[in-house]
Structure formats: C-alpha cells, structure tokens
Amino acid sequence: MYRFDVRIGHAGFRVGSPWRHPIDTLRRLYAGYPPPEGGGATLTARIAPPRPLRRWLRPQAAIAGDHCLPDVVPMALRHALLALEMAMNMQVALGERRHLLIHAAAVERGGKALILPGESGSGKSTLAALLGEAGWRVLADEFVLIDLATLRVRPFPRPISLKNDAIVEMQARVADESRFGPLLTGTPKGALRHLRPKADAIARMDESAVPALILFPAFGFPSDSAGVSRSELFARLTEGSTNYIALGQRGFETMLRIVDTTPAARFAYPDSAAGLAIVDQFCSEIGL
Amino acid sequence: MKHALPLAHALADPISVLSLVPGQWAELLAIARAERLDGSLAYRLADLPIPEPAARALEEARAQAEFDRTRLLWEVEMARRALNAVGIAPILLKGSAFAFAGLPAAVGRSAGDLDILIAHDRLDAAEAALLDAGFEWATFDSYDQSYYRRWMHELPPLIHKDRGTMIDVHHSILPLTARRTPDAAALIAASIDIAPGLSILSPADMIVHAACHLLADGDLSGGLRNLWDIDRLLRLFAAAPNFWRTLGERAALHQMREPVARALRLAERLFATPVELRLAGHDRMVDSLYIRRLLARDGWGRPSRPLSRLAFYARSHWIRMPPTMLGRHLWTKARRQRMSLSRY
Amino acid sequence: MPRSRAVPPEILRITVSTVPPPLFTTDFPRLCLTREVDGLLLVFHRPSGATHFLENPAPEMLDLISGSPMTAEDLTDALCERFSLGADAEARTVIAARLAELLAVGLVRHC
Amino acid sequence: MREENETGHLPSNAQGDKGGKAVSDDQLASRRAMLRIGALSGAVVFTIRPGVAQAAASAIKCSVPVPQSSQAGKWIKNDGSVVKAGTKNAYAPPDAPLSGEDVKNSLNYGTRYSGYDQDETDAFNNYIKKLSSGKQGYTCYASIQSRTP
C-alpha cells in the first residue's frame, strides 16, 4: 500500500493506493499542505482494484475507505486521481458530524464568507476559482462546513476541480503551472483538472469566516438576478446537505440560523466577466 | 495492524489504547468502522485521555450512534403503529430490542435494519399492513421472492418508499432449510411485553438468537459485532439467578447447544466475558479458526485472510441448505450473474 | 360461511356503523420545534428527526387535535367552523386525504 | 417562490370571523382555497429529504409565473407569445405559477403540467423559453437549465 497523509482544514486524511503513481500525483497536487495534527490521521480514504485481477489487467480503481457508498462504479486507473479525490470527498460527505455540510463553494474577504451553492454545471467551482485569483481567499470547493457552535465557515480548501471550458480559462489566468494537477480527459464529468488554491488559502486554513452572503449562480444565461425566499433557501441548502438529517436537532437549529441571518439571491451570468461583475455588485450592496 | 485484535482489546480493555502511537489511531478507527463497532468503541473510550484528533473522531462516532438510535426507535414506532392496527404485536429482535429495552448492547451500536419476529400464521396480515404503510419489496426477482417464501425464516426484505429504511419480518430465527430447527413458537411464548403492542425475546432466547445469528446463519461477516453484543448481554444477564441453567435449557430446546457453547467460548477468548464453563465446554482446536476469521481485517479496514473468508462462506451455505438444494441455488445465482454481465 | 349468508344485510350495516370511528392524536407541538417561514410552518419532529414544511390546513389540523383526540368527522367540523365554512362532503374528502399525509409521516397517529 | 406569489397565507393561529358578519361567495371561495379545501391534488406536507431529487418539495422552490403579473388576463399562444384572451391557438394561462421542478421535468423529459394537456404545456414551455433577463421567473428558469439533468 502506498500512502500519503495530509491535513485539510479540520480533517486529517490517510490516503492509500496499491498503485504508486496515483499517490505521487496526489502528493504533488497537495504540495504545501500540512501533515495531520499531532501526526495522526483519523480518516482513511483509499482506492482498490474491484477484483484482484483488475490491479494489473485493464486496471480499475474502486473508491473505498472508512465511509463508502455501495455500488459506486469503479474508474479506469488513468482516472485514479479523481477516484482518490472522490474517496476523500466520501469521508467528509458521509462521516462529518461536527459541522453542517452545505454543497457549495465559498470564498472569503475581510473575514466574511461568500457562499456559492449549486449543482454541477452551475459554475460555482469556476466562480470560486476566478474569485480566488481576484483578491478573495478560497475556503472550499465542494463542501462548505458550518461550525455547529459558532456558525462560522470552517475552511476546507481542497484543490478546485475545474471542468471542460473552465480549464482553459483558468490556465490563462494562473501563471504557476505547478498549481495544476494532470489533465484528465474522458471522465464521467468530461475533461477535468484540479487547481490548488493560492498558498495563502492553505496557510490560513484554520482561519474561519462569518457567512455573509449566499448566491446561487446559473452559468450560461444573460445576466440577471432575483431574491431567494427564506423557505426556498432552507429547502435548497438542506437538499444539498449530506449530513443535515444526521445532525438531528442541531442541524435544524444551525440551518435555521443560517437562513435567518444570511442574505441570499440567485443570479444568471453569460460569462466569467459578467459573473464577477454581478458578484461585485452584490458584495458592494451589503458591504462585503 | 494486520488484524482486528487491537480492536477487540480496546473494547474489552479500554486502557489498552493508551499505548497506541498517533499513527495507529487511523488503523484502529478504520478497523472499527469496517466492523461497524466505531460507535461502541467511542462510548467505551469516552472518559480516557486520548489524542485530540482521535477524540474528535470518536465524538463524531457517538453523534452518529445517537442518530442511528433515534432512527431505529422511530422505525420501531412506525412498525408498531402499522402492525398494532391489524392486531399484531411484533417481537423486536437484535438492535431494536437492545435500543428499546435500553440494554448495554445498544450503547453506541450502529443501527442497521429493523428485525421483528411474528407468528407464522400472521405473516400475510403483517405483509399486507406493511405494504399498506408504505413499504415496498426490495427485490422483484421472482426467484428471490419464491426462494424467500419457500425456504427462508423471513419475508423478502421490505424498504420504506419515503424513509428508505429496511424491515425484516421473521417468523423464525433460522432458515427452514438449515440443519437446526429452533422452536419459533417457544420463542414467542416466552417473549416479554415491554410496551403496549411491543415485545422482546426472553434473556436466554436473546442469547440463543445472537449465537444463531453469529454462528448458524451466515459467513461470520460482521461477526465481531455480533460477538460484542453477546458479551454485553451476558455481562448483564449473568447476574440473574438461574440464568445459566435457563440458557442451557433454552439452547437445548432450540437445538442450539453447540453454537451457544461456541459463542460463549469465543466471547470469553476475545472479550474475557464471564461465562459458565460447564455450558461453554472445553476449548476446541477449531475455535481458533473462528477467531482467525472474526479478526480478518487489516489496518486499512480491508478484509484480510481470503482463505479463511472463503472457507466460512462455503460453510455458511452448507449449514443452511441440503446439498442438492445448495447446488440448485448456486446454479441459479451463477446463471443470473452471467445474464446480468452479458448486458454490459 | 353459512353463518354470514344467514345474516340479513340490515344487521350487517348496523354492525359496521357501531364500530367506533378511529380517533386521531398528535405529538404536535409537544415534541416539535416549529417556525413560520413565508406562510409555511417549518417543523422539526424530534422522535423521527424529520423536518417538514406544512402548508395550510395541516398546522390548523394538528392544532385542533393536539387539544383532544378527534375523529376525522369532528376534525372537519371543527376546522370548517373555525373558518366559518360549511363542512360538506368535499371538505371531508380533502381533510381525510390531509390526515393520511400526516399519518404517513407520523405526525398524527391513531389512538 | 413564495415572495413572488403573495396569496397571503393565514398564520397558523388565524381565527375565522365569528359573529354574524355576512361573507360573500368570493370570500368563502378564497378561504376554501387558502385551506386548500377543494384542491385534492398536491400535498400539504413536504418532508426534507437531502441528497435525492424531490419533486414533492417543488412548492417551496422557485417558480415561474405564466405570464408576467402585469399581464393578468392574457392568454399564451402556441408559439409562446402573450396574446389577448380568446385568441385562436392560444390558451388560458395556468392558475398558479409553475414550480421550477415541474418546469425542469417538462423541459427535460416532456412531462405535462398537471391539469393541462399537451398543447397547453407546449405553449407554456414556449413562453418560458422566450423569457429574457428582467422578466419574472427568468432566474428560476436559468437555474433549472444550468443544472445538468
């Protein structure tokens, strides 16, 4: 078993693979991340051949670890990096019980967090990546963690997974080639490439932020925006949360406080420049 | 860690974790999670000075166990409402019985499905009531359906269409094809009312059922957790007068003397459970094979010892079916697997 | 079987009508956390751990039977009276359907 | 979306008017509507179920009014344009805003809106596809379309 230990925010991972290459790739992608606190990881994420033969012959990587879902389709070994990332995601999505998870990206400025929820294709990752190069600190890509006690956003700055057109766009904006992972083509999500957040986002991964604004992006449409009602906000945030139900009453109370205290809106945007402009406009309106 | 012995030690003797080095916590947690004993472990270690990251992981395991408990008790309540309406008072089995009765085996126990036992002649009524209450068949395969109905000790599993939870309705505690035939009517007759419209098995029968579940019905996967249940139950029940004598009588009645004896010996060896030696009998050479299989889990949480696993898998079929029937069953399963593969 | 054939239909009807209609009761609001949001009632139900949005008239129905258990018929009457509406057959059908929804999620139960 | 759709819901402690005040048929009808008596379709309990697509909760999601609230009384022609009531090949608009979830299913899978036939559904969808920025329901439509089905 090849192994790489890493800390991302509050989570200490032990990542394992029977193949060497995926671990080497992962280690390069996570260059600059600290090791787990006190030297001890508490979450195991790994990949494994679905059958012994698949280690060598048309090799495939199945997602495994402490927490996993049954019947996840294994991937071709050339997509092992994606499989490892998904295995790490799975540990958080299914195991996290100290923070409320919101399916969203988030960025921070001046101690205040802008939360961008959305399903894949909404453009949330791309926007977070763009904002991360434009004076904001990337807090999270896939999972925004809300501390149940303080209601603050706990950074979980994983590399952002860029898809399809967003890859070229970010390559043009990020000069440091070493921040990119390898280009993966033909994945279930199309072309995919990871972008490590700026060093500052990693160095400050223990600095939490106050949720200040929630914006639901919709990419690929002429610019517009509209309010989001409290009931819809509650429904959408819980719908995308993998641990809301498991947190029981604490989850309900935390979600209610977020919904009560955080302004929310949705907006449509045709391209990155327009998206950034709308975000700026919203932020200046609420003094963010 | 090459096997799950450190987990067994941690459960039986929590102080043993104080000698772990930081890097070993990930291994212990991975093994515990894979064996679905992380919640139980978390409660056992609750008061110990443990490194901060591991302590937080255990806190999360306790939160998860608390959620599991709520969900399971709610399933009990919804099943009670559905079945009481048609005059059936279900007998809770395994985790739901432990949780509802507040038995020590419930502490931190991760909840799976709801298992209940009802009289064979009320099966149709129970099935209709549960379907009416929103449960649906988990399997539509006609071979599975007819196989269950003809040979198994339970209805095909039902899943609730909204809650996504599963209920297993038993009318006995071993398949009808198995070598041993526990007395289902006696289980029901000796059951104890615990709340209006709900019962649990008597203490001795509960141990017989746990031994049955561990040794007479399946390939020992999840066996460590089943054995831990037995340890927790015995430590409580053993204090009652005449418990061991009653256990011996009930084990004999249900043709389960040998599995109960083995379960006692295995619990004693792994968890130092206090057991009555006369009932447990002398150690057998073959016990070591069971121990080996129960601990077949490496520090990455992976199943290990493939040969031991295979042997117990083969045994599980052997003890559940006569040979000609086993052949027919495996043949149908294999053919079906090939058919589904050819679709891709 | 021969016995049931011997029973005249009138008697059967009487037998049926003497079975008391079921009474409904609820944990609400005792075991619930509630909050009004945009005219809907958001309910966290502790025993099930489930969160529900309730639309009218579900909160009013729960409110009425939380006082004392009621039959579907009495509940319809009480609800319609509260809103000065006639309790007609349609109202009974709709309230019965709403009760079924509340029974399905466990907020209401037979007692 | 509730805020676009302010058909005042009664607070849960609302009392009906006691006393002998005369109540008009319209008021009675609207009260019946508020209580959803006379509307057997749909549900009054929406249970939060994370992680699964849930059409049931559509009532609390965004919605698309057809046509704009400023165009009350107008009909929708089969090509989606908003026309005078009674125009040939045009249909009366839906009574209530269409839920985002229903719109998504109709656009992606061709399902019909409950209570409307295929021609009406097509006309409403053509109207929705023509929505441009600044129109009511537009961002809802955009958020639906930008999500991969």
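Proteins get letters first, then strands, A, B, ... in listed order; numbering begins at 1 in each. If you're wondering where the values come from, they're calculated on a predicted model, not measured in any experiment.
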field: Where C:Glu55 and D:Ala43 come nearest, the two heavy atoms and their spacing
entry: OE1-O, 4.1 Å
- prompt: Could you give the distance from CG (C:Leu40) to CZ (D:Phe46), rounded to the nearest 0.5 Å?
  reply: 7.0 Å
statement: Note: C:Glu101 and D:Val45 closest approach over all heavy atoms is OE1-N, 3.0 Å
message: Quick check: under 4.5 Å, non-hydrogen atoms only, which of residues 103-111 of chain C neighbour chain D?
response: C:Val105
Results of side chain to side chain contact (heavy atoms under 4.5 Å, CB included) for C:Glu73 - residues two or more places apart only: C:Thr71, C:Asp77, C:Arg92
message: When you compare the side chain of D:Thr47 with that of C:Phe53, does any pair of heavy atoms fall below 4.5 Å?
response: no
